[in-house]
There are 4 protein chains.
Amino acid sequence: MGKERQLRQREATKNEILDAAREIVFKEGFQGLSVRKITNQLDYSPAIIYHYFKNKNEIIETLVSEGYKRIFAAVSSITRNEDEPEKEIREAFTNLLKAALDSSEEYKAVMLNDDAAVLQKTALLKPGVPEKSPTLKMLCENLRRGIGQGRYSCYDPELTAQVLWTAIFGLIIKVIIEKDVSQEQINRLLDHHFTVLFNGILKR
Amino acid sequence: MGKERQLRQREATKNEILDAAREIVFKEGFQGLSVRKITNQLDYSPAIIYHYFKNKNEIIETLVSEGYKRIFAAVSSITRNEDEPEKEIREAFTNLLKAALDSSEEYKAVMLNDDAAVLQKTALLKPGVPEKSPTLKMLCENLRRGIGQGRYSCYDPELTAQVLWTAIFGLIIKVIIEKDVSQEQINRLLDHHFTVLFNGILKR
Amino acid sequence: MGKERQLRQREATKNEILDAAREIVFKEGFQGLSVRKITNQLDYSPAIIYHYFKNKNEIIETLVSEGYKRIFAAVSSITRNEDEPEKEIREAFTNLLKAALDSSEEYKAVMLNDDAAVLQKTALLKPGVPEKSPTLKMLCENLRRGIGQGRYSCYDPELTAQVLWTAIFGLIIKVIIEKDVSQEQINRLLDHHFTVLFNGILKR
Amino acid sequence: MGKERQLRQREATKNEILDAAREIVFKEGFQGLSVRKITNQLDYSPAIIYHYFKNKNEIIETLVSEGYKRIFAAVSSITRNEDEPEKEIREAFTNLLKAALDSSEEYKAVMLNDDAAVLQKTALLKPGVPEKSPTLKMLCENLRRGIGQGRYSCYDPELTAQVLWTAIFGLIIKVIIEKDVSQEQINRLLDHHFTVLFNGILKR
DNA sequence: TATGAATGAGTATTCATTCAT
DNA sequence: CATGAATGAATACTCATTCAT
């Protein structure tokens, strides 16, 4: 039907706009994003934005939640490893780092955002919260499993999950900020993180 | 004398301006800071700023270097511990976290800034760079000492220093971003960081 | 079609802006021109300027190049005179003076401008340079022709061209500056310039 | 008496201010002159200006009338030459050019100024006016003398004076504007001006 | 659907000037 | 005599947004 085609067309134009926005964000960060820059790039008039989005903020939110999804998709597609559960953690964080670097501006925008609304989704440190975050929940379960197997030391799983997460988070953010760290060095750093952290939680 | 009083008055006004600036930065971050906002808050005319500061940047620099100093002062005033060198690390990072929380906006402004000029001072991840940063240099030396004593595992000191630093950095940033984490929880998190990390590097 | 009308409307507004600009330039010179003054005169908001022009400079450039074109058109449309080549010079300079008076502000803006960029187009006095200027090149060729015919004295054509040009240039500038010299007096002055100058270069 | 010393001191400070102003005008032209720049250079406060001058304009006027005087002094100190009166003209204009180049900014400021007040002193082109200008008066007298001697052609002295003056004026202005014309080239141009012009007015 | 026109509020900075001390 | 404080009016330019068409 015509209506469907119309809807598809509408979706296509929205994506065009989002693509242009992504490109600008990639080059100049979120704070460099402006309605005019988007429409200039598309040879559209600024007003068109308001046909497809409520305002500039809606564009930002779309971009951000998108990056958010991509990142959490990365973490959730890991393969089970019964004997060495820490390998799951390694895989999850390796994926996370890769995804974060691929959408670094979005990652920063989300994870360093202190809007109350955003924090509701990203807060992790308060006691009890981890149960709500898919990522941390997974981590906690893994830790509990490892402790049950007698493989991990008997640390509070929630607290340990927060420690592991923030440790890797620090690496990710720092790598993004410094911009030109070589992939090789990134790998060495991530590897050594795992070495130290797993050494820290594995029973010996 | 009158001259002294005048000087004190001048200093007082400068501080008034800086205070207003701090307040705005606290509420809206450095990128929300504007000359107009400062003078509106003080019921001054915008031009007066340039009577007390060369330009907006001088205000920012003052604020930033202030926080910067406070932070580095925190790290450098640690007491030597021959037998348990890891206690030095614990003290340094504990101080660092406290100082960072005290000037959280400045800490973020500096440590999350990706300006080339700022990065020259804050970059840490590239191989060889740690030797230039006072903080990381201290860490490296500590690690070498510990390895020499046979107390730490024989890991590459530079890489290990980067791992320890980014791990704690992740915690600090996350605590700042989430804003209302209780001091008690912060302490628990920091403690557990040390537990895991030291467990990870200490020989057993 | 609507599109054409729209375009015409756009052109009309651009001209409105340019007219206002011209008026201000006429009254206060180019250095008195400001975006605010233009829009105040038109009861527009300052921002609208940037809808029609890239920036203030584009307005200036438009005005200047307009005058520039008019002036060079004037000089280049002269009719050949084999027997009395000095009549060509007379015609060229007569046209030049008329054109300069018609766009006097632009003429001053260009010819009295000492920006390096502008000078590259207007410099005439350094040896060898005249070959690059269309006006002076024409003069030189005329002089060489006249010398070849045995009509002009055997003076260095380049130097002579510079002398003739600066002599008339002085008259033009002075007439513009004094503003209310009568056309009659201007004619007398120009005529007498030619009398003296041609008397000076024609063989007798 | 103390009063006299006071007056002398006052005069000295005024000169200090004028010197600073001159320096700025030399470097940045009159339009680059600002009260703040003057007082910054002298380590004074901007307000001091208003103790010694009514306003910024009075400074400009002082500088300008000074340059004016210097220039006309140059023209009026020529030595009488009975047999070849054109040598007087040559000397006057040579002096004028030198003086103009020495105070080029002031010369431009005065001679290209179209303020009514300034024009009253500098206008030369209207019929009858030359009698009021010392420079042109001198020129006219010289021309009349030469005509009387049968040495110059019988041209209207006033008109001829205006032609000679504007011709040299064009050279001076152009030399100032182009800034880096070598002294040697300036000499050649001036010489050739005289050659052509005198050739134009001398009887043969 | 799309756009061109338009704006009001904002950005940092400079300037000449005033005034109380 | 001299100054520090202060200002109002400018400067060019950018931005998100609205609205009639």
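Chain identifiers are assigned alphabetically (A, B, ...) following the order of the sequence lines, protein sequences preceding nucleic acid strands; residue numbering begins at 1 within each chain.
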Exercise for the section: Quickly work out the Q9(C) CD to dA20(F) P distance and round it to whole Å. Expected result: 17 Å
Handout entry: Separation between NZ of K37(C) and CD of E23(C), rounded to the nearest 0.5 Å
Key = 12.5 Å
Exercise for the section: Starting from the 5' end of DNA chain E, give me the residue, S45(C) or T13(A), whose nearest nucleotide shows up first. Expected result: T13(A)
Handout entry: For atom NZ of K54(C) and atom C1' of dC13(F), their distance in whole Å
Key = 13 Å
Completion exercise
Heavy-atom nearest nucleotide on DNA chain E taken for N57(B) and for A47(C); more 5' hit belongs to A47(C)
Completion exercise
On a heavy-atom basis, the closest approach of I173(C) and Y107(C) is CD1-CE2, 4.0 Å
Exercise for the section: Rounded to the nearest angstrom, tell me the gap between atom CG in D43(B) and atom P in dG8(F). Expected result: 11 Å
Practice task
Look at all strands and tell whether R10(C) reaches a base, only sugar-phosphate, or nothing, counting heavy atoms closer than 4.0 Å.
Solution key: sugar-phosphate
Practice task
Answer yes or no: side-chain N or O of H51(D) and base N or O of dA2(F) forming a donor-acceptor pair under 3.5 Å.
Solution key: yes
Exercise for the section: For K37(B), report the nucleic acid contact type (base, sugar-phosphate, nothing); a contact means any heavy atom under 4.0 Å. Expected result: sugar-phosphate
Fill in the blank from the handout: Across every strand shown, the nucleotide meeting Watson-Crick or G-U wobble geometry with dT11(F) (both distances under 3.5 Å) is dA12(E)
Problem - For dT21(E), the Watson-Crick or wobble counterpart (both distances under 3.5 Å) - result: dA2(F)
Completion exercise
Separation of dC15(F) atom P from N55(C) atom CG, nearest Å, is 14 Å
Handout entry: Minimum-distance nucleotide (side-chain atoms of R36(D) versus dT11(E), dA16(E), dT13(E))
Key = dA16(E)
Exercise for the section: Starting from P on dA10(F), measure out to CD on E28(C) and report it in whole angstrom. Expected result: 12 Å
Handout entry: Atom NZ of K69(A): over 12 foreign heavy atoms under 6.0 Å
Key = no
Exercise for the section: Please state whether the phosphate of dG10(E), meaning OP1 or OP2, lies under 4.0 angstrom from any side-chain nitrogen or oxygen of S34(B). Expected result: no
Problem - I60(C) CD1 to dA12(F) P, straight-line distance once rounded to whole Å - result: 9 Å
Problem - Sugar-phosphate only, base, or nothing, as touched by I59(B) at under 4.0 Å among non-hydrogen atoms - result: nothing
Exercise for the section: Answer with base, sugar-phosphate or nothing: what part of the nucleic acid does Y50(A) contact at a heavy-atom distance below 4.0 Å? Expected result: base
Practice task
Look at the side chain of K56(D) and the backbone N and O of L33(D), then say whether any donor-acceptor pair between them is shorter than 3.5 Å.
Solution key: yes
Exercise for the section: For Y52(D), report the nucleic acid contact type (base, sugar-phosphate, nothing); a contact means any heavy atom under 4.0 Å. Expected result: sugar-phosphate
Handout entry: Over 12 non-hydrogen atoms of neighbours within 6.0 angstrom of CZ in F26(D)
Key = no
Exercise for the section: Determine the contact category for I38(B): base if any of its heavy atoms lies under 4.0 Å from a base atom, sugar-phosphate if only primed atoms, P, OP1 or OP2 are that close, otherwise nothing. Expected result: nothing
Practice task
Quick one: closest heavy-atom pair of P46(B) and V35(B), and the distance?
Solution key: O-CG1, 4.0 Å
Problem - Nearest-neighbour nucleotide for the Y44(A) side chain, dA12(E), dT3(E), dA10(F) considered - result: dT3(E)
Exercise for the section: From the options dA16(F), dT3(F), dC15(F), select the nucleotide whose nearest atom is closest to the side chain of V35(A). Expected result: dA16(F)
Fill in the blank from the handout: Regarding the side chain of I48(D), the nearest nucleotide among dT17(E), dA2(F), dT18(E) is dA2(F)
Problem - Sugar-phosphate, base or nothing in reach of L42(D), heavy atoms under 4.0 Å - result: nothing
Exercise for the section: Specify the separation, in whole Å, of atom CD of E11(C) and atom P of dG4(E). Expected result: 14 Å
Exercise for the section: Could you state the atom-to-atom distance from CG of N40(B) to C1' of dT7(F) in whole Å? Expected result: 14 Å
